[in-house]
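Read the structure below first, then the notes.
Owing to the predicted nature of the structure, the values given are computational and were not obtained by experimental measurement.
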Amino acid sequence: MTVTTHAGFSGASLAVYVAQLGSLAMIAIGLCYLVLAREGAMTSVTNAERLAPALCAVGILAEFLAGFVGYYAVAAVWPNFFYTPITQGKVTWLALQAVCIAVYLLGVIYAYGGIRRAAGQHR
């Protein structure tokens, strides 16, 4: 159950959007790896590239949990923080989500580095 504000913004919207768009981005990254491997451009994979899918998956799942479960945890400390000007509550909740998104982005950066390296070797 999501709670909607008067402006129509759902408290869980960010978590849902990150999960949806992040998953689509992971599919695109996977397809890039598949094409480059078939073309023979992916001869080796670095440790960072091996870590990338795990970072992306953990980041997406953690963001989803931080968006939903984190909302109720923060609301337990600062009741009604989402609807009233309780800056500490909003900053805490958004900071939890920002850390999760940063983990996901680190995975994307690692994966992008590998794709760029392989595409550069293929030319």
Side-chain angles (χ1 to χ4, degrees):
M1 178 173 104
T2 59
V3 180
T4 306
T5 65
H6 298 292
F9 177 75
S10 168
S13 293
L14 181 62
V16 171
Y17 295 147
V18 168
Q20 291 172 341
L21 293 174
S23 299
L24 288 174
M26 285 182 70
I27 291 169
I29 290 168
L31 288 174
C32 289
Y33 272 105
L34 183 65
V35 168
L36 288 168
R38 282 191 180 169
E39 295 292 320
M42 273 296 191
T43 55
S44 65
V45 179
T46 66
N47 287 335
E49 292 171 67
R50 290 183 207 288
L51 188 59
L55 285 173
C56 289
V58 166
I60 288 174
L61 292 174
E63 163 58 21
F64 198 71
L65 290 175
F68 284 106
V69 178
Y71 172 83
Y72 293 105
V74 172
V77 176
W78 293 286
N80 215 15
F81 79 95
F82 193 77
Y83 304 103
T84 58
I86 301 175
T87 307
Q88 301 91 340
K90 287 182 184 176
V91 168
T92 302
W93 185 52
L94 290 174
L96 281 171
Q97 294 182 70
V99 169
C100 299
I101 293 170
V103 170
Y104 169 78
L105 286 177
L106 183 62
V108 170
I109 290 168
Y110 286 163
Y112 176 73
I115 292 168
R116 189 170 173 203
R117 180 183 51 81
Q121 290 175 354
H122 188 58
R123 290 185 193 176

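- Transitive grouping of hydrophobic side chains (ILVMFWY, heavy atoms separated by less than 4.5 Å) keeps Val103 and Tyr112 in distinct clusters.
- Note: Leu51 CG to Cys56 SG = 9.5 Å, rounded to the nearest 0.5 Å.
- Once rounded to the nearest 0.5 Å, the distance linking CG of Leu94 with CD1 of Ile101 reads 9.0 Å.
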Report the C-alpha separation of Glu63 and Leu14 in whole Å, then their side-chain angles, then the decisive distance to 0.1 Å, and conclude whether the side-chain contact (heavy atoms from CB on, under 4.5 Å) test is met.
CA-CA 9 Å; Glu63 163 58 21; Leu14 181 62; 3.8 Å; yes

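- In this structure, the side-chain contact (heavy atoms from CB on, under 4.5 Å) partners of Thr46, at least two apart in sequence or on a different chain, are Ala48, Glu49, Arg117.
- The heavy-atom pair separating Ile86 from Pro79 by the smallest distance is CD1-O, 3.6 Å.
- Using cut-offs of 30° and 60° for the angle between ring planes, the Tyr71 and Trp93 rings count as perpendicular.
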One pair to check against side-chain contact (heavy atoms from CB on, under 4.5 Å): Asn47 and Arg50. What are the steps and the verdict?
CA-CA 5 Å; Asn47 287 335; Arg50 290 183 207 288; 4.0 Å; yes

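- Put simply, the side chain of Trp78 does not reach to within 4.5 Å of the side chain of Thr87, judged on heavy atoms.
- Between Tyr104 and Val18, the closest side-chain pair of non-hydrogen atoms is not below 4.5 Å.
- For the residue pair Ala118 and Ala41, the shortest heavy atom distance occurs at O-CB, 3.5 Å.
- The hydrophobic cluster containing Val108 also contains Ile60, counting ILVMFWY residues as joined when their side-chain heavy atoms lie under 4.5 angstrom apart, directly or transitively.
- The same ILVMFWY cluster, assembled from side-chain heavy atoms under 4.5 Å apart, contains both Phe82 and Val74.
- One distance of note links CD of Glu39 with CG of Leu34; it measures 10.5 Å at 0.5 Å rounding.
- A continuous path of hydrophobic side-chain contacts links Met26 to Leu36 [ILVMFWY only; heavy atoms under 4.5 Å].
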Yes or no on ring-ring contact (aromatic ring centres under 6.0 Å, His included) for Phe68 and Phe64, after CA distance, side-chain angles and deciding distance?
CA-CA 6 Å; Phe68 284 106; Phe64 198 71; 4.8 Å; yes

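- Nearest heavy atoms, Gly67 versus Ala15: CA-CB, 3.8 Å.
- Hydrophobic clustering of Ile, Leu, Val, Met, Phe, Trp and Tyr side chains at less than 4.5 Å, counting indirect connections, keeps Tyr72 apart from Leu65.
- Between Gly107 and Ala52 the shortest heavy-atom distance is O-CB, 3.3 Å.
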